[in-house]
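Take a look at the structure below.
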Amino acid sequence: MVTTLNSVEELDFRRYLRVGDGVLWAQACAEPLTLVNRLISRPWAEDLSAFLGIPVAGLIHPEHAALLRFTSYTGAGANSALHEANAADLLPAHYSSLPDLLRADVVLLQLSPPDSGGRYSLGLARDYVADVLPKARVIIGEVNPAVPWTYGGPALTADDLTVVVPSRHAPAEYPVTEPTAVHKAIAANVAELIEDGATLQVGIGSLAQAVLAGLTGRRQLGVHSGLLPEALVDLMEQGVVTGERKSVDRGVAVGGILLGGDRLFRYAHRNERILLRETSYTHDPDVLAAQEKLVALNSAIEVDLTGAVNAEVARGRYVGSVGGAVDFLRGAARSRGGVPVIMLPSRAGPVSRVVAKLTGPVSTPRSDAGVVVTEHGIADLRGLSLRQRAERMIAIAAPEARAELDEVTEAALAAAKGV
């Protein structure tokens, strides 16, 4: 039976943590801030490890590596400083594999208040946490009245929980940034690839937000994504996103986490048109392939002339991830009428982001290359030879970088063939 505490100060983690335990908590806006702050307040047990997702609140800093050994799949936000300080290890895995790879002896959750039947909703996320819950020995939840009740199970009861404490913090909010002129130009090009009735997957970041904001003229769009952003609210209220032509989960926007602020949270509360599901479903290759007209929209740090993508390292810093891009790009490639899209500005300051050779790891191999979009146009690489790909990539590069790319094309193609 669950132990209900009146405050988090009454929570003594020593009663629940064992030497060598792995701890996991929900990421992004679903982060249980009260419990995490308590966990990092002192050393509770020896040899503890913790898995980190997207940090929105920025609670974890390099000095906390003295208390826990951190591993993360992403360098987003404050995680970049952890990787740079060698305070966190990296799990370079496709997002779809996380449910099978992650270990969690103790799981920390942010929950909605219980309903009349005593069931708690996971609220702002299902994601990989829902997949890991059955493996956990201990489940500790903080109940937050600002967390919406969302659909898509599992709903937890007192029998599922070890300890419950009241939350002290409003949920963390992911900031919405104003798109730049370049982002708007990229979004306009991407919009050409999205037909009425398509189902969208969107990655994280302001570029994805700009794309969604530019789709007000579309109709009967669907959503099946790892994350559901704040921009979704406008599109659903305007009748742009209805899901009525989806071939899977018709009429419902499906995602793993809600990424936004109070407006999104309130809109999702008891909204049967929004369904949060576990990663083993949202990233399942067969589910994605069965979704007709799936358009996968993901960003990159740089793309080479053959279509290989670096989405992880920028200027020597680990700031991105392997994430779910390959999962969704492959799903869109298998989808009837689907379009796998990589989006990026043509340059970062004076540096071209269309390159002869990647400066970081290959996050998406050239064999999975689909359609690459910059503010200068669209390069559909599907079915093209290496030379044809190079020609199309140079055509969408920054104009001032094209001559240099032309000069190194032969050497780049030779290197790509290993000769």
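Only this structure's heavy atoms are used, side chains among them; waters, hydrogens and symmetry mates stay out.
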Determine whether the side chains of Thr157 and Asp160 contain a donor N or O and an acceptor N or O closer than 3.5 Å. yes
List in chain and number order the residues that pass side-chain hydrogen bond (donor to acceptor under 3.5 Å, both in side chains) with Asp380, two or more places apart in sequence or in another chain; answer none if no residue qualifies. Arg382
Output the distance between atom CG (Leu235) and atom OG1 (Thr242), rounded to the nearest 0.5 Å. 11.0 Å
Presence of salt bridge, Arg277 and Asp249, under 4.0 angstrom: no
Partners passing side-chain hydrogen bond (donor to acceptor under 3.5 Å, both in side chains) against Asp284 (at least two apart in sequence or in another chain): none
For residues 45-63, which side-chain donor-acceptor pairs fall under 3.5 Å, sequence neighbours excluded?
{"residue": "Asp47", "atom": "OD1", "partner": "Arg69", "partner atom": "NE", "Å": "3.2"}
{"residue": "Asp47", "atom": "OD1", "partner": "Arg69", "partner atom": "NH2", "Å": "3.0"}
{"residue": "His61", "atom": "NE2", "partner": "Gly58", "partner atom": "O", "Å": "3.2"}

Any carboxylate oxygen within less than 4.0 angstrom of a Lys/Arg side-chain nitrogen, looking at Arg317 and Glu84? yes
How would you list, by chain and number, every residue that makes a side-chain hydrogen bond (donor to acceptor under 3.5 Å, both in side chains) with Tyr120, sequence neighbours excluded? none
Among all residues two or more places apart in sequence or in another chain, which pass the side-chain hydrogen bond (donor to acceptor under 3.5 Å, both in side chains) test with Thr359? Glu302
Are side-chain heavy atoms of Phe13 and Arg42 found at a separation under 4.5 Å? no
Going by the rule side-chain contact (heavy atoms from CB on, under 4.5 Å), which residues pair with Pro361 if we only count those two or more places apart in sequence or in a different chain? Asn310, Glu312, Val313
For the residue pair Tyr95 and Tyr73, does the interplanar ring angle fall in the parallel (under 30°), tilted (30 to 60°) or perpendicular (over 60°) class? perpendicular
